[in-house]
Undergrad: 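I have a structure here, written as structure tokens, and I will follow up with some questions on it.
Remember, it's a predicted structure, so these values are computed and weren't measured experimentally. These numbers come from the heavy atoms of this one structure, side chains and all, not from hydrogens, waters or symmetry mates. This chain uses plain numbering: 1 for the first residue, then up along the sequence.
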Amino acid sequence: MKLLKKHIALAAVITAAVQAQAEVILSTDFTGSTAHPNTTEASVAGFVSNITWVVNGVTDPGAITVDIINPDSGNTLFTSTQAEERIAVDNNVGNGGSWAASINTTLDGSGDVTLTAVTIGFRTYNASGDYNAGGRAINWAIEIINTTSSTSRGSISADSAVVPASPQPTDGSITLIFSAPIILTGTDAYEFRVIASEVTGGSDGVHTGINDITFSSGLAAPTAPLNLYAWPDSNNVVSVYWDEEIYSTDGYNVYRSLEDTGDYTQIASGVTNTFYVDAAVTNGITYYYKVVGVNAAGEGEFSSSEYAMPNPYRIIGTTGSNVEKSMYELFDGDISTVGVVAESEYVGLDYGLGNEQELLQMRYYLRTDYWGSQTDANGLTRAVNRSIGFMLQGANSEDFSDAVTLYTFTSNSVMGAWNEITVANSTPFRYVRLQSGGSFDIINTLTELEFFKASDYTARGTPLYWLEGYGLTDADDELDSDGDGLAGWEEYIAGTVPTNSSSLLEVNSIELTTNGVVLSWQSVPNKIYSIITNTSLSVANKGTAVSGIIADSAETSVTSSIPSAASVFFEIGVE
């Protein structure tokens, strides 16, 4: 699997969208206003005084009245001191409760007025009127009632717009756009009702209200799509998903780049779904995406960027492994992005039906900033078990009911470095996975995971990823690319650099002492060496003088005994 990122600039650029300016029919921001006085729910007909309105086509609407529906016992609105210049109306609506703020207006007689959208600014507070960062799931709705022809609040003579029941920001705004323009007729009087209701099944303690409101007659360009997500769906394919913020788009345009901060080019327009499948991509290259909504006012605000690198095989895993894109982060070629494989979770690859593979090796990288200890359920502090109990498994059933354990981790891994394990089982499997083990919360935090099959190696057994890392190919495995006397496959075994002639396995010095022969050689840290002796260069009569020498620096020195022979030759071997 090729995991090297490539960056190539694209020629086209995203141009700034032209935002259509909506004509204001009625608006206020409550600046300098005094909120509803401290009023119990027994007296709900309150008001907000000193409001300054911006009006066009209507007479000055005056005060706002408050209507509390299904309130909890004992709730009060903010005092004027607490809410002054902060928010207009508020009540602890409780579980499934709601409140409404009403604005009564009369058209100024200059003609009909077209209403297309309402923008509500809102905040969430605690019972004392202080800002509260803990948001709730709130539905927002707008009702327009012609009070000249019908005085019943239950009779809605105009459209209603409601946002989905999902947690809204605790401090922001939302625009509700009517599915069809509403015509306010002649000199009739109207009641505009802004309704906030908590989703049934929530908890008590909702304090929310409006701090500004604008009724508009012009259509604004869409706001940015939310929660953009890119996923490497399959071979040479990336799927992009997003959520719409408001129902104001006729479709979406999708943009792509090869660099996050580079130029983006449009790859799709008029997408009517909230997802797009990009099949014009190449495995091993990282792509960045942005999405923008489009309506009659033009393109709106762009979403934040999201990236994905397509892989030749489908990434699989359990739900817990997919927290914050965790599964994909393990295969994106970037050791700075973290994936989590928690207790009883797994992550792996599906090679596809009829494409079973013999797994030869697994390589993984463990983050260096992971905490070193945790406290277990018994109150004991101990080191985090980062690898013990993990299992590498292969299977031909998707549910791993026929799983074969290929390797079991019996020791912790090295942090901040690549760890490699070799697989002895030669059975081909469609599915491979790293299955967590142990019983202690999050038991490992990885940044990269790679599975290698036979086609990922040269005939000599050199990994292709190792050659590619030095800009070499399969053919270079048999060549001495740097002229130091070692072929590519020999440099891989020695752990030396195949493109640097000064990086090679060679003896630096040999010295005869009373204790034996002191040999010094150029070494690679953590490589294991042996000192091999031979009494003749023409006849094979080799013996091992010292084995299991673990290098800890760029040069290793070891004293070896001298065999009883007329002449002795020494060589350094890599175990």
Undergrad: Could you pull out all residues at least two apart from E511 that satisfy salt bridge (Lys or Arg N to Asp or Glu O under 4.0 Å)?
TA: none

Undergrad: Where does the angle between the aromatic ring planes of Y307 and Y288 fall among parallel (under 30°), tilted (30 to 60°) and perpendicular (over 60°)?
TA: tilted

Undergrad: I'd like to check the side-chain contact (heavy atoms from CB on, under 4.5 Å) partners of D552; sequence neighbours left out, ordered by chain and number.
TA: none

Undergrad: What residues, two or more places apart in sequence or in another chain, satisfy salt bridge (Lys or Arg N to Asp or Glu O under 4.0 Å) together with E478?
TA: R460

Undergrad: In the structure I gave you, are the side-chain heavy atoms of Y431 and R314 within less than 4.5 Å of one another anywhere?
TA: yes

Undergrad: V507: which residues meet the side-chain contact (heavy atoms from CB on, under 4.5 Å) condition with it, sequence neighbours left out?
TA: I572

Undergrad: Are N253 and V291 close enough that some pair of their side-chain heavy atoms sits under 4.5 Å apart?
TA: no

Undergrad: Can you tell if the side chain of S547 reaches within under 4.5 Å of the side chain of E575, non-hydrogen atoms only?
TA: yes

Undergrad: For residues I531 and L519, determine if any side-chain heavy atom of one lies less than 4.5 Å from a side-chain heavy atom of the other.
TA: yes

Undergrad: Using the side-chain contact (heavy atoms from CB on, under 4.5 Å) criterion, which residues pair with S557? Sequence neighbours excluded.
TA: S520

Undergrad: Should Y470 and D476 count as side-chain neighbours, where that means a heavy-atom distance under 4.5 Å?
TA: no

Undergrad: So, N355 side chain and G352 main chain: donor-acceptor pair closer than 3.5 Å or not?
TA: no

Undergrad: Does anything in residues 506-537 pair up under ring-ring contact (aromatic ring centres under 6.0 Å, His included), and if so which pairs, sequence neighbours excluded?
TA: W521-Y529

Undergrad: For the residue pair W242 and V271, establish whether any side-chain heavy-atom pair is separated by less than 4.5 Å.
TA: yes

Undergrad: Could you check whether the rings of F275 and Y241 sit parallel, tilted or perpendicular, using 30° and 60° as the cut-offs?
TA: tilted

Undergrad: Side-chain contact, heavy-atom cut-off 4.5 Å: Y229 with S239?
TA: no

Undergrad: Quick one about D482 and N500 (side-chain donor to acceptor, distance below 3.5 Å, no hydrogens or angles considered), yes or no?
TA: no

Undergrad: Of F390, F409, F451, W418, which meets ring pair (Phe, Tyr, Trp, His ring centres under 6.0 Å) against Y364?
TA: F409

Undergrad: Write down the atom of A494, the atom of L505, and the distance for their closest heavy-atom approach.
TA: CB-CB, 4.3 Å

Undergrad: Do Y313 and Q357 get their side chains close enough for a donor-acceptor pair, meaning under 3.5 Å?
TA: no

